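The structure under discussion appears below in the form of structure tokens.
Bear in mind that the values here come from a model prediction, so they are computed numbers and not experimental data.
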Amino acid sequence: MTSPKPGEEESPHSESAQSTSPQSTSQTTPSRAPLSDVRFLTVAEVAAAMRVSKMTVYRLVHAGDLPAVRVGRSFRVPEQAMHDYLRRAYIQAG
């Protein structure tokens, strides 16, 4: 990338033009974390953590209840998506 000429502003898409103020970081939600910070789990890992079968996890993914990314012929579930699903599905018994 070329640097701007004197008197020109950098494009808003350049790295150095991005603001690092607290205001801009407060707009970033946990579900919009940078991909480098996202931990992806296999269907087997999600099933083990939730103590359900892999088929149950596949059903949740295919129904759209549990977000997942397709990688080749397999799925990867963002760890935060699993936690979010469990929070939404939690009910108080009593």
Side-chain angles (χ1 to χ4, degrees):
M1 178 166 29
T2 61
S3 57
K5 297 176 186 173
E8 288 183 354
E9 292 184 19
E10 293 185 25
S11 80
H13 302 290
S14 68
E15 288 182 32
S16 59
Q18 293 176 354
S19 172
T20 57
S21 68
Q23 292 172 346
S24 66
T25 57
S26 66
Q27 294 173 352
T28 304
T29 61
S31 63
R32 303 291 293 173
L35 284 178
S36 60
D37 295 342
V38 176
R39 180 165 186 251
F40 289 97
L41 304 173
T42 65
V43 169
E45 290 171 328
V46 173
M50 292 175 59
R51 301 195 55 144
V52 297
S53 71
K54 290 192 300 185
M55 185 54 66
T56 298
V57 177
Y58 282 117
R59 285 185 189 119
L60 290 170
V61 169
H62 287 293
D65 295 330
L66 185 61
V69 176
R70 188 162 191 138
V71 180
R73 293 176 56 188
S74 61
F75 290 97
R76 295 294 184 266
V77 178
E79 185 177 33
Q80 188 60 46
M82 179 187 68
H83 292 295
D84 293 343
Y85 172 80
L86 291 172
R87 281 189 197 92
R88 284 191 315 268
Y90 182 81
I91 60 169
Q92 188 77 30

### Message
Taking ring pair (Phe, Tyr, Trp, His ring centres under 6.0 Å) as the cut-off, I'd like each qualifying pair that reaches into residues 39-59, sequence neighbours left out, listed once.
### Response
none
### Query
With V57, which of L41, T42, V43 fulfils side chain to side chain contact (heavy atoms under 4.5 Å, CB included)?
V43
### Task
Following the transitive rule for hydrophobic clusters with a side-chain heavy-atom cut-off under 4.5 Å over Ile, Leu, Val, Met, Phe, Trp and Tyr, establish whether V69 and L66 coincide in one cluster.
no
Counting only pairs under 3.5 Å, give me each side-chain donor-acceptor contact of residues 70-79, with atom names and distances, residues two or more places apart or in other chains.
{"from": "R70", "atom 1": "NE", "to": "G72", "atom 2": "O", "distance (Å)": "3.2"}
{"from": "S74", "atom 1": "OG", "to": "V71", "atom 2": "O", "distance (Å)": "3.1"}
{"from": "S74", "atom 1": "OG", "to": "R76", "atom 2": "NH1", "distance (Å)": "3.2"}
{"from": "E79", "atom 1": "OE2", "to": "R39", "atom 2": "NH1", "distance (Å)": "3.3"}

### Task
Drop me the distance from H83's NE2 to R88's CZ, to the nearest 0.5 angstrom.
13.0 Å
### Query
Who are the side-chain contact (heavy atoms from CB on, under 4.5 Å) partners of A89, not counting sequence neighbours?
Y85
### Task
Nearest 0.5 Å please: distance from the CE atom of M82 over to the CG atom of D84.
10.0 Å
### Query
Would R59 and V52 count as a side chain to side chain contact (heavy atoms under 4.5 Å, CB included) if you check the C-alpha gap in whole Å, the side-chain angles of each, and the deciding distance to 0.1 Å?
CA-CA 11 Å; R59 285 185 189 119; V52 297; over 6 Å; no
